[in-house]
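For reference, the structure discussed in these notes is given below.
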Amino acid sequence: MWFKSITMFYTMRYFFTLLLVILSTLKPGLSSATIFNVLNYGAVGDGRINDSPAFLKAWKDVCKSKSDTSQLIIPAGKTFLLRPIAFNGPCNSNNIYIQLSGNIVAPATKSEYSGSHLNTWIGFSFVNGLIISGKGTIDGRGSMWWKQPCLGNPSPGTSCRPPTAITLNRCNGFKLKDYKSINPARSHITLTNCIKGIITNLKLIAPGESPNTDGIDISSSKEIQVRDSIIATGDDCIAISAGSSLINITGITCGPGHGISIGSLGARGESDIVEDVHVKNCTIIETLNGVRIKTKQTQAIKVSDVTFKWILGTSLTDKAINLNCDQNVGCSNIVFDHVYVQSAVPGMKVFSFCHNAHGTATHTKPKPFCLLK
Ligand SMILES: *[C@@H]1O[C@H](CO)[C@@H](O)[C@H](O)[C@H]1NC(C)=O
Ligand SMILES: *[C@@H]1O[C@H](CO)[C@@H](O)[C@H](O)[C@H]1NC(C)=O
């Protein structure tokens, strides 16, 4: 018996050694990865000292590295205070991997934002193949901005607009996953001019009454997937605006918040295009709206080819479905199929408002009467 287990031990050890050898020969790419830990650049991680200079120094090396994958390590067990910071590319690596194991917090005072002309707290620009992944939390400490959005910023030339927590601008082929973002001053995540991106398994949390804390704002971006995430915030869970197309949203739990929105479009009366948006298998709870398309100067925007299918739910207001299309432009090919919305108040009636919408409604209650059967 004793003997047997010794033999087994050796066999296992041999097996593991062999496995390691096999693994390391299978993944030659790994050996070319270059790893940069912010602690080696003087970051402190006590949540009080400004770690931005250290992060920027580390970023310089990450971005310069010519390896196929270049990694920035933000280690666990520490909290790094960052003042407004811009991580700019283009970088030499095809893949920039940010391992977010530790936490990041925003400054506790507005004066620590002064001098920054960024509209965002943490910005990435022109970084292709960016991956931000890990179990860390990004805390935007936004409450001071919610209370006084336009006060207390003494530096002239600085916008008093609350900053987005994270902005990706012109970042192609990105992936954001597994982390948690809480209490941003404005939106949790803003995407502008990005092509191909995946957002998955995030938790984006802010109080229901926090103003303008969208979950994810997508503008002028294409081929973006947002999947399997929890978004509980004060404004739109996801807002898709001008110039965006091929946006898939799946498996999102949204609420509190304002629901999933397209728009506002045509705010300045110009033509805005949003195309090919698919929202599937989402659970939307305690939101101002469920799914909506918002247009401003309505005559500039033609809404067409919109299908609402298999949507079940309840409404607190009696206007459960609202199709309010422009007098002159109208909406075309609007399809309702298996949409059932009841009142959240037992026994209360709900109705559909339907103005200048064209299309069909089948198996739908309350029925939008301007649509055909
Ligand atoms: C997006 O959704 C559409 C419709 O369900 C599907 O045809 C397409 O393959 C999806 N795209 C991606 C990248 O998942
Ligand atoms: C729908 O989304 C939920 C998460 O909200 C997920 O658990 C489930 O697997 C998804 N189902 C399909 C068919 O994608």
Side-chain angles (χ1 to χ4, degrees), residues 94-95 128-133 135 168 170-182 188-189 191-206 208 214-233 235-263 265 273-293 303-314 332-341 359-360 362-364:
N94 294 325
N95 305 288
N128 293 336
L130 173 69
I131 300 172
I132 304 177
S133 167
K135 295 278 176 218
L168 269 56
R170 297 188 191 277
C171 294
N172 298 339
F174 70 84
K175 198 170 202 177
L176 307 180
K177 61 178 206 164
D178 301 332
Y179 71 83
K180 184 172 171 183
S181 168
I182 60 172
H188 288 270
I189 297 170
L191 308 177
T192 55
N193 303 292
C194 296
I195 303 175
K196 282 194 203 296
I198 300 178
I199 295 178
T200 182
N201 204 30
L202 297 192
K203 285 199 181 80
L204 309 179
I205 314 288
D214 285 351
I216 303 169
D217 285 332
I218 303 173
S219 76
S220 301
S221 295
K222 290 180 176 40
E223 297 179 56
I224 308 295
Q225 298 179 50
V226 185
R227 296 196 306 239
D228 307 320
S229 295
I230 295 171
I231 307 177
T233 191
D235 206 307
D236 292 324
C237 287
I238 301 173
I240 301 161
S241 55
S244 299
S245 59
L246 298 164
I247 312 293
N248 283 15
I249 297 170
T250 341
I252 299 302
T253 301
C254 159
H258 293 186
I260 295 174
S261 303
I262 294 178
L265 301 177
I273 297 178
V274 170
E275 281 178 323
D276 252 305
V277 175
H278 301 269
V279 178
K280 253 193 194 169
N281 185 30
C282 290
T283 305
I284 301 175
I285 310 169
E286 282 179 31
T287 55
L288 187 65
N289 298 278
V291 281
R292 64 172 166 174
I293 300 172
V303 178
S304 60
D305 307 315
V306 182
T307 298
F308 298 90
K309 199 167 171 182
W310 280 110
I311 299 179
L312 312 178
T314 57
S332 62
N333 195 22
I334 307 298
V335 175
F336 277 72
D337 183 27
H338 288 90
V339 177
Y340 297 103
V341 186
T360 60
T362 48
H363 306 285
T364 292

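Residue numbers count from 1 along this sequence. Indexing begins at 1, ligand by ligand and atom by atom, following the structure's order. Any value given below was found using the heavy atoms of this structure, including those in side chains, with hydrogens, waters and symmetry copies removed.
Taken together, the cysteine pair Cys237 and Cys254 places its SG atoms within less than 2.5 Å of each other.
Judged as a salt bridge (Lys or Arg N to Asp or Glu O under 4.0 Å), and not counting sequence neighbours, Asp217 has no contacts. When the salt bridge (Lys or Arg N to Asp or Glu O under 4.0 Å) test is applied to Lys196, the partners found at least two apart in sequence or on another chain are Glu223.
If you look at ligand 2, the protein residues with a non-hydrogen atom under 4.0 Å away are Gly251, Asn281.
Using modelled atom types, no side-chain atom of Thr287 and backbone atom of Ile285 make a donor-acceptor pair closer than 3.5 Å.
A salt bridge (charged side-chain N to carboxylate O under 4.0 Å, His left out) check over residues 237-256, counting only residues at least two apart or in different chains, returns nothing.
Between His188 and Ile216 the shortest side-chain heavy-atom distance does not fall below 4.5 Å.
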